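For the single chain, residues carry numbers from 1 onward in sequence order. Worth saying up front: this structure is predicted, and the values here are computed from it rather than measured.
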Amino acid sequence: MSRLALLFSFLLFLTTAPLSAQDSATTESSDSSETAAAEPDEEKTRTLPQFFESLMVVGGEAEAALVPGSAHYLGSEELQRHEYTDINRMLRQVPGVIIIEEEGYGLRPNIGMRGSGTERSAKITLLEDGILIAPAPYSAPAAYYFPTPGRMEAIEVRKGSSAIRQGPLTTGGALNLISTSIPYDFGGRFEAEIGTDSTYRAHASVGDSAGRFGWLIETYQLKTDGFKELDGGGGTGFDLRDYMGKLRWGSDSSAPVQQILELKLGMTEQGGDETYLGLSEQDFFANPTRRYRASASDRIDTEHEQIQLRHFIAPSANWDITTSVYRNDFFRNWHKLDSVGGVGAGAILADPELYSQQMAIIRGEANADGALTIRNNRRDYYGQGIQSVVGARSNFGGATHSLELGLRYHEDAEDRFQEDERWSMQGGRMSLFNMNAPGSNANRIGSAAALAFFVQDEIVFGRWSVTPGVRFESIDFTRRDYGRNDPARTGANLVEQTNSVEEWIPGIGMTFRATDRIALFTGVHRGFAPPGPGTSDETRPEESMNYEAGFRLTEAGTAAQVVGFFSDYQNLLGRDTLSSGGPGSGDLFNGGEVTVWGLEASVDHDFAPALRSSASIPLRIALTHTRGEFETSFETEFEDWAPQVDKGDELPYLPENQIAATIGYIVPRWSGHLTAAYTSSMRTVAGQGDFAPGTGTGSALTFDATAKIVIRPEMRLVLSGRNLSDEIYIAARRPAGLRPGLPRSFGLGIEWIF
């Protein structure tokens with residue numbers, strides 16, 4: 001029997017199995033008593049908390065304090081305080097999250113956790129409403145699509161203990177973005193903002209719940225001319241359009257079995273005059289916002305569509321089943337400079353004196369016919385699947401048990417159909433010289449089919465909570481390479497490769513409630529990242545053992561968490577992509593044994609009670625200290641490590657220290673928040689000792705501020721500033737040259753909640 005048939009047989013059994021006599025009696029008695037006592041609003045929302053829990057990896061702010069490991073929840077109130085549109089700035093508030101900026105706006109973020117690697121967020125499990133959302137999370141996990149952060153009502157980050165419930169990438173952790181929920185009553189919000197560089201933002205949502213039905217429609221629009229200055233003039237901005245709708249049906253509160261069915265549809269379009277081309281060291285410090293003329297034709301266009309259908313059923317008060325069917329489609333074409341005169345753009349900018357002739361062409365100072373190679377990085381992705389999670393609660397053996405059992409069947413694929421163009425530079429202007437045949441650079445499909453299973457039990461007895469669990473991943477990969485001379489894909493030169501992997505991922509977490517205010521926790525979990533399709537026989541899965549231990553303090557006005565962690569890699573994987581500065585083959589490289597260790601700390605405190613102030617004066621501090629190094633020596637072609645790694649070399653793009661602190665002042669008529677964020681210098685190539693020239697970034701300290709003034713009870717004026725000190729810093733040296741962070745910018749907006 002096929003995996004898909006087994007899965008559907010399992011789901012059919014779960015949703016049609018008759019209740020036992022004991023369960024039926026429990027259901028009838030609980031329903032009748034609750035119906036008699038419930039008010040109409042309670043009837044409408046009685047099962048919604050359980051339904052919402054099925055979307056989450058943490059479960060909310062209160063639940064985060066109970067997780068046996070590092071867990072953080074940023075709710076709508078926290079997100080709206082800062083009015084951020086950039087996921088990088090949002091996640092600064094969470095310790096243990098490593099962020100590498102790219103274009104300054106967070107459109108294609110590079111996010112890692114605990115040294116997992118940051119490039120294109122390919123080493124974390126990325127979710128929207130608990131559903132895998134990366135374009136092809138198994139076969140090509142690099143997240144060239146990222147959900148629009150500005151339309152989210154909450155963000156969850158869970159490290160370590162997320163390994164059982166969320167996969168396939170379990171080394172770092174899981175990032176779950178929670179979309180706007182259908183309101184209980186008619187209402188919505190409207191936000192509009194204008195700002196520096198002709199930036200415009202609009203966000204609107206409206207919805208209602210009436211009887212057994214609910215609905216929501218939402219749009220998010222963001223447009224800017226960009227902060228970079230293209231030599232000779234031209235666009236450097238982007239335009240993003242996001243649309244989302246939800247429909248929900250719920251059973252009557254008097255029904256013996258409670259059910260909810262919700263349909264979610266989403267579409268996102270983005271067009272941007274964006275490039276991978278950075279600056280040479282000399283040009284960066286002369287003008288960090290400059291863009292070379294050779295990037296004049298660089299542009300990315302993307303389209304993303306998603307559909308999610310979720311069914312929740314609670315046959316009794318003690319158990320429930322949540323089943324989700326989903327499909328994501330993503331198309332991108334990034335038309336961008338690849339090489340000049342046969343030399344890669346990254347190599348030229350790394351040594352502009354050696355490649356002075358090519359550098360002159362990039363700047364538009366020299367004429368050349370057909371010297372510029374521009375690549376159409378055209379790719380189609382899809383991901384689809386069905387998953388079901390059973391939750392059961394019981395009391396036996398002197399303990400309470402919260403058992404979860406999950407099963408998912410998933411398929412995804414990446415279709416590369418790419419070709420190069422030759423362009424000329426004449427008089428500082430670019431013109432098309434000739435086009436190669438479609439598919440002549442890459443013409444292949446990589447796909448994956450995966451069956452995943454997990455079981456986890458939270459056992460609570462006395463002051464102790466123990467959560468053992470295990471996850472199983474079985475993945476079949478296929479790569480079908482049609483060759484560069486078969487654009488019609490007749491299969492005349494087809495080369496097909498298959499590879500498979502099966503992995504058991506066990507883990508256990510424990511919490512001890514020392515007092516009503518202090519909890520101690522620890523956990524041990526296995527880390528895993530699968531190899532992709534078409535990998536060589538020598539390429540092994542990424543495997544590690546991850547340890548953490550810490551404590552939480554929770555009391556009136558104060559919440560603190562300190563966690564120490566240690567990750568012991570048996571094998572670290574590096575993936576070649578254009579965004580990492582490589583040729584973009586997608587190949588994987590073994591990194592061998594690696595150790596990563598560090599400390600995370602966060603504090604939330606309100607000074608108002610101590611100062612006897614009627615205002616709220618909240619302080620939030622997030623601190624991350626991370627070290628990571630290779631335990632073996634080897635030669636490699638992977639760009640971030642190449643060409644030689646020696647034992648003791650430190651991992652690249654892993655800042656040793658990150659600190660973010662926010663102080664606020666909130667009174668009924670207005671509020672203000674100031675955030676300071678510091679990132680220490682980091683290596684951009686593996687190494688040890690002092691940074692060699694051109695292999696590191698400097699430290700960065702930036703300040704952001706937001707103020708809100710109440711015009712009417714439902715309306716506020718919003719003023720915001722980013723990078724107030726106009727700090728000039730190197731965000732990264734990849735994929736080609738130095739890249740700046742966002743310079744000082746301001747915004748003025750209004751928000752209306754109705």
Could you check if a side-chain atom of Pro541 sits within less than 4.5 angstrom of a side-chain atom of Pro531, using non-hydrogen atoms only? yes
When you compare the side chain of Ser70 with that of Arg114, does any pair of heavy atoms fall below 4.5 Å? yes
Can you name the ring pair (Phe, Tyr, Trp, His ring centres under 6.0 Å) partners of Tyr729, sequence neighbours left out? none
Donor-acceptor pair, Ser567 side chain versus Asn546 backbone, under 3.5 Å? no
Residues two or more places apart in sequence or in another chain: which of them pass side chain to side chain contact (heavy atoms under 4.5 Å, CB included) with Thr125? Leu127, Leu132, Gln166, Leu169, Ala174
If you measure only the distance, is there a donor-acceptor pair under 3.5 Å linking the side chains of Glu543 and Asn571? no
Quick one: list whatever passes side chain to side chain donor-acceptor pair (under 3.5 Å) with Ser121, sequence neighbours left out. none
My understanding is that only residues two or more places apart in sequence, or in another chain, count here; which of them pass ring pair (Phe, Tyr, Trp, His ring centres under 6.0 Å) with Trp641? Phe630, Phe638
Which residues pass the side chain to side chain contact (heavy atoms under 4.5 Å, CB included) test with Asn441, sequence neighbours left out? Arg375, Gln418, Asp420
Taking NZ, NE, NH1 and NH2 as the nitrogens, is one of them in Glu101 or Arg92 under 4.0 Å from a carboxylate oxygen of the other? yes
Geometric cation-pi criterion Arg552 and Phe521, 6.0 Å radius, 45° cone: yes
Do the side chains of Asp197 and Thr224 get nearer than 4.5 Å, heavy atoms only? yes
Per the salt bridge (charged side-chain N to carboxylate O under 4.0 Å, His left out) rule, what does the pair list look like for residues 677-703, sequence neighbours excluded? Glu650-Arg683
Checking side chain to side chain donor-acceptor pair (under 3.5 Å) against Arg620, which of Thr675, Asp604, Thr662 comes through? Asp604
Any sub-3.5 Å donor-acceptor pair from Arg739's side-chain atoms to Glu102's backbone N or O? yes
A side-chain contact here means heavy atoms from C-beta on lying under 4.5 Å apart; do Leu572 and Glu542 qualify? yes
Taking the side chain as every heavy atom from C-beta outward, state whether Arg290 and Lys228 have any atom pair closer than 4.5 Å. no
Would you please name every residue forming a side chain to side chain contact (heavy atoms under 4.5 Å, CB included) with Leu79, sequence neighbours left out? Leu74, Met90, Ile155
Exactly one of Glu156, Gln561, Glu600 should register a side chain to side chain donor-acceptor pair (under 3.5 Å) with His72. Which one does? Gln561
Could you tell me which residues satisfy ring pair (Phe, Tyr, Trp, His ring centres under 6.0 Å) with Tyr292, sequence neighbours excluded, listed by chain and number? none
Could you list the residues that satisfy side chain to side chain contact (heavy atoms under 4.5 Å, CB included) with Ser536, not counting sequence neighbours? Glu538, Thr539
Aromatic rings Phe330 and Tyr381: how do their planes relate, parallel, tilted or perpendicular, breaks at 30° and 60°? tilted
Heavy-atom donor-acceptor pair, Asp273 side chain to Arg299 backbone, under 3.5 Å: no
Could you check whether any side-chain N or O of Asn723 sits under 3.5 Å from a backbone N or O of Leu742, counting only pairs where one atom can act as donor and the other as acceptor? yes
With no hydrogens and no angle check, just 3.5 Å: does a side-chain donor-acceptor pair link Tyr84 and Asp704? yes
Under a 3.5 Å distance rule, please check whether Glu414 uses its side chain to pair with a backbone N or O of Pro135 as donor and acceptor. no
Not counting sequence neighbours, list each pair that qualifies as a ring pair (Phe, Tyr, Trp, His ring centres under 6.0 Å) and has a residue in residues 336-365. none
Measure the acute angle between the ring planes of Trp334 and Tyr276, then classify it against the limits of 30° and 60° as parallel, tilted or perpendicular. perpendicular
Hey, could you give me each pair passing salt bridge (charged side-chain N to carboxylate O under 4.0 Å, His left out) that has a residue in residues 346-355? Not counting sequence neighbours. none
Taking Thr118 for its side chain and Ile99 for its backbone only, find out whether a donor-acceptor pair lies under 3.5 Å. no
Would you mind reporting whether Lys159 and Phe565 have side-chain heavy atoms less than 4.5 Å apart? no
Pairs touching residues 85-121 that satisfy ring pair (Phe, Tyr, Trp, His ring centres under 6.0 Å), sequence neighbours left out: Tyr105-Phe227, Tyr105-Phe238
